[in-house]
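Values in this document were obtained by computation on a predicted structure and should not be read as measured data. Numbering of residues begins at 1 and proceeds along the displayed sequence.
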Amino acid sequence: QVQLVESGGGLVQAGGSLRLSCAASGLTFSSYAMGWFRLAPGKEREFVADISRSGGNTYYADSVKGRFAISRDNAKNTVYLQMNSLKPEDTAVYYCAARYYSGRSYTAKYRTADEYGYWGQGTQVTVSS
């Protein structure tokens, strides 16, 4: 079955960096766009970033643009989220998700959770002030 397993979360001071990883299995990884979402206490799940199947195209939420970078290694079936200049408001459980799309074109836009068919279990990121 499909598994997405996140890792790399932890506690970091404001201004610091973390790199999240998400290892995928049970699916043809290169056929799926991958995304990151986050869920903070008392808030709704929030889109963070999305990357095309090849990794050549990305899209970011305004709240993380310029600070976070999504990338992928199709040979390793892994997607990454490099998070720099972290703020306390970035504290959340971070989830990776897989989104299948057909055709050749990638549309760079804000994504909603229901567009993704597979989800990981999440990894906690806590940013202290």
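Of the candidates Y32, Y118, F29, Y32 is the only one forming a ring-ring contact (aromatic ring centres under 6.0 Å, His included) with Y100. Only one option out of N84, I70, V48 pairs with V64 in a side-chain contact (heavy atoms from CB on, under 4.5 Å); it is V48.
Between the side chain of Q13 and the backbone N or O of V127 there is no donor-acceptor pair closer than 3.5 Å. Here the side chain of R53 pairs a donor or acceptor atom with the backbone of Y101 at under 3.5 angstrom. For the pair R72 (side chain) and S52 (backbone), a donor-acceptor distance under 3.5 Å is present. Judged by distance alone, the side chain of T78 and the main-chain N or O of K76 form a donor-acceptor pair under 3.5 Å.
V125 and M34 fall within a single hydrophobic cluster, where Ile, Leu, Val, Met, Phe, Trp and Tyr side chains are chained together by heavy-atom contacts under 4.5 Å. The cluster map of Ile, Leu, Val, Met, Phe, Trp and Tyr, joined by side-chain heavy atoms under 4.5 Å apart, puts M83 and Y60 in the same cluster. V12 and Y94 fall within a single hydrophobic cluster, where Ile, Leu, Val, Met, Phe, Trp and Tyr side chains are chained together by heavy-atom contacts under 4.5 Å.
A 4.5 Å side-chain heavy-atom check between S17 and Q82 finds at least one atom pair inside the cut-off. Taking 4.5 Å as the limit, every side-chain heavy atom of T112 sits out of range of all side-chain heavy atoms of F47. With a 4.5 Å cut-off on side-chain heavy atoms, F68 and L86 count as touching. E46 places none of its side-chain heavy atoms less than 4.5 Å from the side chain of L39. Side-chain contact between S129 and E89: absent, with no pair of heavy atoms (C-beta onward) separated by less than 4.5 Å. A 4.5 Å side-chain heavy-atom check between Y59 and Y110 finds at least one atom pair inside the cut-off.
Proximity of the aromatic rings of W119 and F37 is defined here by a centroid distance below 6.0 angstrom, and this criterion is met.
In summary, the side chains of Y106 and D50 do present a donor paired with an acceptor at a separation below 3.5 Å, with no hydrogens or angles considered. Side-chain atoms of T91 and Q124 include no donor-acceptor pair closer than 3.5 Å.
Annotation: K43, atom NZ; neighbour count of heavy atoms from other residues, nucleotides and ligands within 6.0 Å does not exceed 12.
Taking each heavy atom of A49 and L81 in turn, the nearest pair found is CB-CD1, 4.4 Å. Taking every heavy atom of both residues into account, N74 and S54 meet most closely at ND2-CA, 4.3 Å. Between L4 and A98, the closest heavy-atom pair is CD1-N, 3.9 Å. Looking at every heavy atom in both residues, R99 comes nearest to E115 through CG-O, 3.2 Å. Taking each heavy atom of S128 and L11 in turn, the nearest pair found is CB-CD1, 4.3 Å.
The existence of a salt bridge linking D90 and R67 is confirmed by a sub-4.0 Å separation between a basic side-chain nitrogen and an acidic carboxylate oxygen.
Sequence neighbours left out, the pairs with a member in residues 30-110 that pass disulfide (SG to SG under 2.5 Å) are C22-C96.
A cation-pi arrangement, defined by a distance under 6.0 Å to the six-membered ring centre and an angle within 45 degrees of its axis, is absent between R111 and Y116.
Put simply, CH2 on W36 and OH on Y95 are 12.0 Å apart, with the number rounded to the nearest 0.5 Å.
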